[in-house]
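Computed from a predicted structure; not experimentally measured. Numbering starts at 1 and runs along the sequence shown. The figures here come from the full heavy-atom set of this structure, side chains too, leaving out hydrogens, waters and symmetry mates.
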Amino acid sequence: MSYNATGNSASRRIATLLDEGSFVEIGGAVTARSTDFNLQEKETPSDGVITGYGVIDGNLVFVYSQDAAVLNGAIGEMHAKKIAAIYDMAMKMGAPVIGLIDCAGLRLQEATDALEAFGGLYYKQTMASGVVPQIAAIFGMCGGGLAVVPGLADFTFMEEKEGKLFVNSPNALEGNEISRCNTASAQYQSATSGLVDGIGTEAEILGQIRALVAMIPANYEDNDSYEECTDDLNRVCADIVNAKEDTAIVLSQIADDQIFFEMKKDYAKEMTTGFLCLNGMTVGAVANRTKVYGADGEVEADFDCALTVDGCKKAIDFVNFCDAFSIPVLTLTNVAGFAATVESEKNMARAVARMTYTFANATVPKVNVIIGKAFGSAYIAMNSKSVGADMVYAWPDSEIGMMDADLAAKIMYADSDADTMKEKAAEYRALQSSPNAAARRGYVDAIIEPADTRKYVIGAFEMLFTKREDRPDKKHGTV
């Protein structure tokens, strides 16, 4: 079988994803070579996976699309080798790899041959990590060892009804059944596990992939991923301060044409991550969030002003991708401490340590805007000047310091009367917690009006465009 845009679901997905008429198939004549268990009597056209290349908005991409009509899309030796060959070509050409997954797992008739080739696919994904972007989209089954494939990808999307992603099926988990908790569902993998970046219909997620490919670099050396900006570089964002609790709105207001592409929007909503363009340059954004507003302006979710384990993990993965592909990072800080629960305490120190390391280790241009509270070591971890931010701005009403002024006064003057406590809190706020105090010590580069945030961050990233930063010579860190 050769590629046919009007044929089965595997070819239809390719046709929808790529620019019309641009797909070129590679390896269309390949079939299974195993003869065990009379496999030769079954037709395996293209060995169950269509592979090739094409363009998205003129950008070269390599694609594989699994065909569930061939042995339920099960992966055999030649199937895996075809995908591995696509990875080899993508790394040579410096172009993203997009995998459209619909697969029943490993092909039992091929046993160790299939297993060996499948391991080779893991290896190719590992070698490609940080070289070219890897995107996975799940339309049907993606279970067992195949679940590692989206885990090794940079971004994963999932069809909301038919997509199933699992290592162990829900009914195989002790004390669980699928009706109680469908751990394989798109909603669970998006909101609870955090592996999936976006869910929707088939057409919606293919559209999201097209939008993502247009924003991110083709490879780690790509310096051409810039678009002409027709938006006013000095555009005043008059109402931005009213949206500071929901930083997804803040980021959309300062972005070119007010477009913010949020990633993992259902997971750890107290931490916002995503891409925006500033003067045509793609920037990755990480921001604390205390409220989520719906399209109707009503509050959909409310969060403490604190770092969480899941929020840190979300930021870590995103900043690592940005640093690998030389995408500048913008942070919006509004954090007063750490989530305080028995459950979070299990992993909090490790998660915050890894996030601190990730920000400090990143050598891309880094700009931080303090829009609310910035207290204690939680602030230090959020891309502060002390861990490597190149430019730090603060809004006039922000608070920067060890802790809330009222709490500090209670600790320092525990035996004082209420009037004294109030007086000392005000004194502490002026001397220790104001952005002016931080600016006088050089911890903040400038205090800016919220409405001018777009102008200032664009100017900072333009100045930082030629940034070069050396690190101590070593193989790699261990955090």
Side-chain angles (χ1 to χ4, degrees), residues 130 215-217 220 222-223 225-226 247 250-251 254-256 260-261 263 271-289 307 311-335 351-372 374 377-395 398 400 435 438-439 441-448 453-472 477 479:
M215 291 196 81
I216 60 177
Y220 78 104
D222 181 11
N223 292 318
S225 54
Y226 304 100
T247 43
V250 174
L251 290 164
I254 67 174
D256 292 352
F260 173 56
F261 193 120
M263 309 304 299
M271 185 74 81
T272 306
T273 58
F275 297 107
L276 66 157
C277 286
L278 292 170
N279 193 17
M281 177 174 62
T282 297
V283 171
V286 178
N288 306 118
R289 177 163 54 185
L307 291 179
C312 289
K313 290 178 179 178
K314 182 176 176 179
I316 290 163
D317 289 343
F318 186 78
V319 174
N320 273 332
F321 176 84
C322 291
D323 191 46
F325 290 94
S326 300
I327 300 172
V329 173
L330 168 67
T331 49
L332 303 182
T333 298
N334 181 20
V335 65
V352 175
R354 289 189 61 234
M355 189 177 78
T356 305
Y357 174 90
T358 301
F359 276 120
N361 193 54
T363 58
V364 292
K366 294 174 289 189
V367 175
N368 187 14
V369 182
I370 301 169
I371 64 172
S377 50
Y379 159 56
I380 295 299
M382 272 298 296
N383 189 33
S384 63
K385 176 76 79 171
S386 54
V387 296
D390 299 298
M391 293 293 292
V392 176
Y393 298 112
W395 288 0
S398 62
I400 307 165
R441 290 165 171 79
Y443 309 144
V444 167
D445 293 298
I447 299 169
I448 64 173
T453 302
R454 170 175 164 82
K455 175 177 68 175
Y456 275 95
V457 294
I458 286 176
F461 282 123
E462 286 188 346
M463 179 273 291
L464 292 165
F465 183 75
T466 55
K467 176 187 175 182
R468 298 291 183 270
E469 187 173 3
D470 293 328
R471 286 289 192 267
V479 178

Item to check | Residue pair C277 / V283, side-chain heavy-atom distance below 4.5 Å | outcome: no
Item to check | Intermediate values then yes/no, side chain to side chain contact (heavy atoms under 4.5 Å, CB included), Y456 and V369 | outcome: CA-CA 10 Å; Y456 275 95; V369 182; over 6 Å; no
Checklist entry - At their closest point, which heavy atom of R471 faces which heavy atom of A360, and how far apart are they? => result NH2-O, 2.5 Å
Checklist entry - Would you find a donor on one side and an acceptor on the other, under 3.5 Å apart, between the side chain of T358 and the backbone of R354? => result yes
Checklist entry - F275 and ring-ring contact (aromatic ring centres under 6.0 Å, His included): which partner among F325, F318, F260? => result F318
Next on the checklist: Has K314 got a side-chain atom pairing as donor or acceptor with T272's backbone, closer than 3.5 angstrom?
Outcome noted: no
Item to check | Closest non-hydrogen atom pair between L332 and M382, with its separation | outcome: O-CE, 4.0 Å
Next on the checklist: Could you check whether any side-chain N or O of N334 sits under 3.5 Å from a backbone N or O of I371, counting only pairs where one atom can act as donor and the other as acceptor?
Outcome noted: no
Checklist entry - Roughly how far, to the nearest 0.5 Å, is CD1 of I254 from CG of L330? => result 5.0 Å
Next on the checklist: Counting only heavy atoms from other residues, nucleotides and ligands, does the tally under 6.0 Å from OH of Y357 exceed 12?
Outcome noted: yes
Next on the checklist: Donor-acceptor pair, distance only, cut-off 3.5 Å: does the side chain of K313 make one with the backbone of A351?
Outcome noted: no
Next on the checklist: Testing the 3.5 Å rule here: is there a donor-acceptor pair between the side chains of S384 and S386?
Outcome noted: yes
Checklist entry - What distance separates F461 CZ from K366 NZ, expressed to the nearest 0.5 Å? => result 11.0 Å
Checklist outcome for this item: Rounded to the nearest 0.5 Å, the CE atom of M281 sits from the CE atom of M215 at a distance of 11.5 Å
Checklist entry - For the side chain of D445 and the backbone of V392, is there at least one donor-acceptor N/O pair under 3.5 Å apart? => result yes
Checklist entry - Just by distance, do the side chain of D323 and the backbone of T363 share a donor-acceptor pair under 3.5 Å? => result yes
Checklist entry - What do the steps show when you test N368 against K385 for side chain to side chain contact (heavy atoms under 4.5 Å, CB included), and what is the final call? => result CA-CA 8 Å; N368 187 14; K385 176 76 79 171; over 6 Å; no
Next on the checklist: Under a 3.5 Å distance rule, please check whether D256 uses its side chain to pair with a backbone N or O of G280 as donor and acceptor.
Outcome noted: yes
Checklist entry - Which distance, rounded to the nearest 0.5 Å, do you find between the CD1 of I400 and the CD1 of I447? => result 7.5 Å
Checklist entry - At what distance, to the nearest 0.5 angstrom, does CG of L307 lie from OG of S377? => result 8.5 Å
Checklist entry - Between R289 and T247, is any side-chain donor less than 3.5 angstrom from a side-chain acceptor? => result no
Next on the checklist: So, taking the atom named CD1 in I458 and the one named CG in L278, what distance separates them when rounded to the nearest 0.5 Å?
Outcome noted: 5.0 Å
